[in-house]
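Reminder, nothing fancy here: chain letters follow the sequence lines and each chain counts from 1. The structure presented is a predicted model; accordingly, all values stated were derived computationally and were not measured.
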2 protein chains.
Amino acid sequence: MNPQAIKVACSNCNLRELCMPVGLSDQDMSRLDELVAVRRKVKRGSTLFTNGEKFTSLYAIRTGFFKTCLATEDGRDQVTGFQMAGEIIGLDGIVNDQHTCDAVALEDAEVCVMPFDRIEELSREVNALQHHVHKIMSREIVREHGVMLLLGSMRAEERLAAFLLNLVQRLHARGFSQSELVLRMTREEIGSYLGLKLETVSRTFSKFVEEEIVEVKQRHVRILSTEGLQRLVNNQAHCE
Amino acid sequence: MNPQAIKVACSNCNLRELCMPVGLSDQDMSRLDELVAVRRKVKRGSTLFTNGEKFTSLYAIRTGFFKTCLATEDGRDQVTGFQMAGEIIGLDGIVNDQHTCDAVALEDAEVCVMPFDRIEELSREVNALQHHVHKIMSREIVREHGVMLLLGSMRAEERLAAFLLNLVQRLHARGFSQSELVLRMTREEIGSYLGLKLETVSRTFSKFVEEEIVEVKQRHVRILSTEGLQRLVNNQAHCE
DNA sequence: CGAATTATTGATGACTTTCAAGGGATGTGG
DNA sequence: CCACATCCCTTGAAAGTCATCAATAATTCG
């Protein structure tokens, strides 16, 4: 059986509270089932879309873990985000009808493909969907403001602490532990996201271990003191 | 006469190509005139909206110049953008029905107030408006990706060069010079946006002057070598 | 005109990067 | 199932970049 032919139904999806509007009538909900054209599997290491590619759809992550990253001709490189189940990617492509970054699966993944013209069509008829789409985009804008604050005003320790707290909080919202996590990305990818070199990320992890804030075994991280991380992020030391 | 009572019409506005969809029928265009409830004047130094304030409207800048900035309780501070005539601000407020940053006028300004529920209503009926709203939000997301690249991977000179090029390019799109500009913000505000201290911004300006890339007299900047700035931004030196 | 804000410049120091080397982990093919 | 190649991570030493502290000058605004 072709996996792409599997009948898709948001109304039955256990992630729907993450990607869909809440409080829909049954009628509206069943209309939303039309949103997802197909599902698509993406192997670890391969791309869901790439810079320059024509934009057609938004993608809701069902399983797996992605990074989005910019690569300029002159060799600069920036991870702009890490995305997990229930999150929507592809918003960058709307403005110029083509994607402006790469979305790379960091582990085998599956996404729901939602053709954007269908989203716009349904949005005109289902008010809750319309508003939901607006909220998703606004949320991404606000998230990026936070990253700008991080990159613009935090030191290495603070950045990594904020990063870990953010990750674990999102994982917890998905039913995972509040204190344990498995990083799906390399030190280099973390560094790129945080505006640091991989050695700095590694050293900062080591420092946290020394201070008994976390335990680290390669990509397995156990947070021993959430407050310790919080204190770092809220540090007043470097502010006027 | 109450200035807020002035009859507002996007269809006659000389900025409409900047904030409105293009290629509308006369009929749709006249419908869009309903979008703008009133205009509002904002004195230099005062805020259009502030963090925590209830979100009601998006704002199209008619005249003047704004900064948007985040301020956390622990004293961190980050300018997230500078906005000029024809640009839309307030998108951050949609997701949680309240603004998450401050919008401060850096010179006396006037904005068109567009109640968001009216935008959503009209969006359902005028497809071009719906798509335009999506594009504006997507554009903001892409812009922020660019800022992340800047903050995450560029050195001071490169950041300031990119900043100047971006500013002058936007001003040029509004009919101003390609080579001369008046900064509306302080060195500290530039620094906050670029993740640098004001002294570093000042020093970097001085270095550019020494290298005869720009002339600087306080806030008046004349670009002598756009290519020089471009070369800095596209520098391969710090990339793998 | 004077106070306050803004900008410049120098000296010093902190933090991060760069360069380098070695150890572990992972995965593939024999 | 082991061996080997590759990738990833850690750690040290040195260098570079930017921040901080401080003093002065220029400008703006009431």
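You'll find a donor-acceptor pair under 3.5 Å spanning the side chain of A:Arg203 and the base of C:dT18, going by distance alone.
Between the P atom of C:dT18 and the CZ atom of B:Arg155 lies a distance of 9 Å, rounded to the nearest Å. To the nearest angstrom, P of D:dA23 lies 14 Å from CD of B:Glu199. The NZ-P distance, from B:Lys217 to C:dT8, rounds to 13 Å in whole Å. In this structure, CG of B:Leu160 is placed 13 Å from P of C:dA7, rounded to the nearest angstrom. Atom CD in B:Glu189 sits about 14 Å away from atom P in C:dT5, given to the nearest Å. Here C:dT8 presents its P atom at 10 Å from CG of B:Leu198, a figure rounded to the nearest Å. Atom-to-atom, CD of A:Glu188 to P of C:dT18 comes out at 12 Å; the value is rounded to the nearest Å. Rounded to whole Å, the distance from CE on A:Met154 to C1' on C:dA14 is 19 Å.
You'll find that the side chain of A:Lys197 is closest to C:dT17, out of C:dT17, D:dT11, D:dT10. Nearest to the side chain of A:Arg44, among C:dG27, D:dA19, C:dT17, sits C:dG27. The side chain of A:Ser202 lies closest to D:dT11, out of D:dT20, C:dT17, D:dT11.
A close approach under 4.0 Å does occur between a side-chain nitrogen or oxygen of B:Thr200 and OP1 or OP2 of D:dA19.
Residue contacts for B:Arg219: at a heavy-atom cut-off of 4.0 Å it reaches the sugar-phosphate backbone alone, with no base atom in range. Within 4.0 Å (heavy atoms only), B:Gly195 reaches sugar-phosphate atoms of the nucleic acid but no base atom. In this structure, A:Thr186 reaches the sugar-phosphate backbone alone: every heavy-atom distance under 4.0 Å involves primed, P, OP1 or OP2 atoms, never a base.
Between A:Ser206 and B:Glu157, the one whose closest nucleotide on DNA chain D sits nearer the 5' end is A:Ser206.
Inspection of the B:Glu53 and B:Thr50 side chains reveals an N or O donor paired with an N or O acceptor under 3.5 Å. Residues A:Ser225 and A:Glu212 have side chains that never bring a donor and an acceptor to within less than 3.5 angstrom of each other. One side chain, A:Thr100 or A:Asp92, offers a donor N or O that lies under 3.5 Å from an acceptor on the other.
Ring-plane geometry between A:His99 and A:Phe55 is classed as perpendicular, the angle between the planes exceeding 60 degrees on a 0 to 90 degree scale with a lower cut at 30.
The aromatic ring centroids of B:Phe82 and B:Tyr193 lie less than 6.0 Å from each other.
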